[in-house]
Amino acid sequence: MLALRPEGTAPVVRAYVQHRPVLPWKAWYMAPMLRHERPQAARYRQHHQLGIEVLGVADADLDVEVIWVAREFFTVLGLADVSLRIGSMGDATCRPAYLVLLTEYLEAHRDELCDEHRDRFQLNPMRVFDCKRPECRAVTAGAPKLVDHLCDACAAHFERVREGLKSLGISFEVDPRLVRGFDYYTRTTFEFASGAIEAAQNALCGGGRYDGLVEMLGGDPTPGIGFGMGIERLLVACDAEGVFPVDPPGLDAFVVDVAGGEAARAITTRLRDAGLACDRAFDGRSMKAQMKLADRSGATVALIVGPAEAASGTVLVRPLRSEGDQVPVPADAVVDAVVDAVRRAAGLEDRR
RNA sequence: GUGGGCGUAGCUCAGUUGGUUAGAGCGCCAGGUUGUGGCCCUGGAGGUCGGGGGUUCAAGUCCCCUCGCUCACCCCA
């Protein structure tokens with residue numbers, strides 16, 4: 001049997017169950033993931049997910065820490081248009097009673113649900129909360145919310161999370177619709193979304209507490225929490241917010257050689273050995289064509305070698321990005337000349 | 001899985017009720033400059049019109065099939 005890994009939490013938990021690291025255990029991963037659903041904007045068949053997981057800590061302050069890590073990551077990248085929603089899934093004490101309550105409510109409003117959920121809501125009543133059809137939205141708007149029916153312990157946990165986020169200056173919104181589909185999820189759920197992404201898929205990071213998962217995978221009951229974020233979608237958000245510079249840096253020098261190419265061969269090698277970025281033309285093209293390539297390369301200077309320079313052992317250093325005359329320099333001083341020119345050009349940049 | 005949109009030059013796209021050698025802009029190449037980029041001018045190269053089949057005197061254009069891309073629904077562990 002072949003399986004394509006869809007996410008990172010279960011593998012990390014399996015690794016924990018097998019290897020029994022000392023608790024608390026903090027792990028992270030970044031790996032390719034695959035999805036079965038059809039691709040669409042910002043949702044690819046294969047993508048990469050970055051995630052963290054912490055096992056062995058039930059403290060709500062850890063929930064805050066995990067959320068903070070994600071928030072901090074966005075901040076460091078320079079993303080500003082990111083919003084956080086949080087919710088609670090309750091636990092084995094309060095959720096069963098709530099599900100009975102919710103199911104009763106949905107039964108009573110069965111005819112008002114959308115075609116799909118009318119016959120399916122019993123399977124997983126909470127899923128109706130993230131149905132986008134107006135019929136279901138209307139019904140769930142008045143439905144009992146899990147966050148209002150938490151047991152004392154879960155309510156206290158949730159309150160501690162909210163208080164912690166506030167104390168760290170992390171703004172958030174409690175969203176009763178933020179639910180998860182599996183039983184092993186407990187208590188805190190959260191999701192970061194980008195307001196800059198136009199596409200329908202704008203969630204950057206989803207996470208939550210899964211105090212039941214380790215046990216489900218064969219380990220002793222162990223609390224856990226983590227998040228996963230999609231790298232490609234993150235990059236879409238970065239592009240949308242313009243947080244990365246757009247222009248790739250140009251070359252330091254471009255060698256124009258119309259004297260046979262030997263000088264170009266020697267000079268490019270010498271410049272590269274000195275750590276400078278340079279390129280040259282090939283195929284014995286005309287000076288005009290070579291100069292055009294030099295310009296297009298974004299080079300700071302063109303280094304020109306014609307028959308006269310070849311004969312006298314010099315190189316013409318011609319500035320391409322600034323005013324200034326081209327000057328001849330001895331061939332063995334060309335590295336210094338380029339370093340000078342690049343430094344001067346950088347200085348001009350800074351003064352802008 | 002369901003539905004919509006789109007496949008024509010390297011790129012972005014026009015292409016009328018079917019009708020001569022399928023066009024534009026940008027890019028590329030050469031020339032105008034005999035040793036000099038950008039701006040401009042002139043010329044040039046480059047296309048199985050996604051693929052296959054059909055209708056027709058004639059198909060980029062109409063019909064069927066197929067492949068691919070894309071967006072949304074769905075899904076969202």
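Heavy atoms only: backbone and side chains are in, while hydrogens, waters and symmetry mates are out. Letters go in sequence order (proteins before strands), and every chain restarts at 1.
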| request: Specify the separation, in whole Å, of atom CZ of A/Arg285 and atom C1' of B/rG37. | output: 13 Å

| Expressed in whole Å, how much space separates the P atoms belonging to B/rG37 and B/rA30? | 13 Å

| said: Taking only the P atom of each, what is the distance from B/rA24 to B/rU66 in whole angstrom? | reply: 37 Å

| query | Can you tell me how far C1' in B/rG15 sits from the matching atom in B/rG60, rounded to whole Å? | reply | 8 Å

| Looking at A/Arg321, does any N or O in its side chain come under 4.0 Å of the phosphate oxygens OP1/OP2 on B/rG37? | no

| query | Checking all strands, does A/Ala294 fall into the base, sugar-phosphate, or nothing category for heavy-atom contacts under 4.0 angstrom? | reply | nothing

| request: Identify whether any heavy atom of A/Gln290 sits under 4.0 Å from a base atom; if not, whether one sits that close to sugar-phosphate; answer base, sugar-phosphate or nothing. | output: nothing

| query | So, A/Tyr210 versus A/Glu53: side-chain donor-acceptor pair below 3.5 Å or not? | reply | yes

| field | A/Arg296 side chain near B/rG27 phosphate (N/O to OP1/OP2, under 4.0 Å) | value | no

| message | For the backbone of A/Ala299 and the side chain of A/Arg321, can you confirm whether one donor and one acceptor N or O come within less than 3.5 Å of each other? | response | yes

| said: Under a 3.5 Å cut-off for both contacts, is B/rC29 paired Watson-Crick or G-U wobble with anything, and if yes, with which nucleotide? | reply: B/rG43

| request: Could you give the distance separating B/rU2 and B/rG47 at their C1' atoms, to the nearest angstrom? | output: 36 Å

| request: Tell me what A/Arg127 touches on the nucleic acid: a base, only sugar-phosphate, or nothing, going by heavy atoms under 4.0 Å. | output: sugar-phosphate

| task | Assign A/Arg180 to base, sugar-phosphate, or nothing according to its heavy-atom contacts below 4.0 angstrom with the strands shown. | result | sugar-phosphate

| said: In whole Å, I'd like the distance from the CD atom of A/Glu198 to the C1' atom of B/rA72. | reply: 15 Å

| request: Find which nucleotide of RNA chain B each of A/Tyr184 and A/Ala42 is nearest to by heavy atoms, and output the residue with the more 5' nucleotide. | output: A/Ala42

| query | Roughly how far apart, to the nearest Å, are B/rC69 and B/rU12 at atom C1'? | reply | 16 Å

| task | Just name whichever nucleotide pairs with B/rA72, Watson-Crick or G-U, keeping both distances under 3.5 Å, else none. | result | B/rU2

| request: Can you tell me the distance, in whole Å, between the CE atom of A/Met287 and the P atom of B/rG31? | output: 13 Å

| query | Roughly how far apart, to the nearest Å, are B/rC64 and B/rU20 at atom P? | reply | 25 Å

| query | Considering only heavy atoms, which members of residues 303-318 of chain A lie under 4.0 Å from some atom of RNA chain B? | reply | A/Ile304, A/Ala308, A/Glu309, A/Leu316, A/Arg318

| Starting at NZ of A/Lys132 and ending at C1' of B/rC76, how long is that distance when rounded to a whole Å? | 9 Å

| request: Ignoring backbone atoms, test whether A/Arg43 places a side-chain nitrogen or oxygen under 4.0 Å from the OP1 or OP2 oxygen of B/rU70. | output: no

| request: Find the distance A/Phe254:CZ to B/rG37:P and express it as a whole number of Å. | output: 14 Å

| said: Go nucleotide by nucleotide along RNA chain B from the 5' end; which of A/Leu293 and A/Arg133 gets its closest nucleotide reached first? | reply: A/Leu293

| request: Among A/Asp63, A/Thr186, A/Thr188, find the residue that satisfies the side-chain hydrogen bond (donor to acceptor under 3.5 Å, both in side chains) test when tested with A/Arg209. | output: A/Asp63

| message | Could you measure the distance from the CZ atom of A/Phe129 to the CG atom of A/Leu146? Nearest 0.5 Å is fine. | response | 8.0 Å

| request: Could you check which nucleotide pairs with B/rG38 in any of the strands shown, counting Watson-Crick or G-U wobble with both distances under 3.5 Å? | output: none

| task | Assign the ring pair A/Phe74 / A/Phe192 to parallel, tilted or perpendicular, where the plane angle (0 to 90°) is split at 30° and 60°. | result | perpendicular

| message | Can you measure A/Tyr44 atom OH to B/rA72 atom P for me and round it to whole angstrom units? | response | 11 Å

| field | Separation of atom NE2 in A/His47 from atom P in B/rA77, rounded to whole Å | value | 13 Å

| request: Could you give the distance separating B/rC6 and B/rC13 at their C1' atoms, to the nearest angstrom? | output: 12 Å

| query | Has the side chain of A/Gln40 got a donor or acceptor atom sitting under 3.5 Å from an opposite partner on the base of B/rC75? | reply | no

| task | Assign A/Lys288 to base, sugar-phosphate, or nothing according to its heavy-atom contacts below 4.0 angstrom with the strands shown. | result | base

| query | What is the distance, rounded to the nearest whole Å, between atom CZ of A/Arg45 and atom P of B/rC76? | reply | 16 Å

| task | For nucleotides B/rA9 and B/rG50, find the distance between their P atoms and express it as a whole number of Å. | result | 8 Å

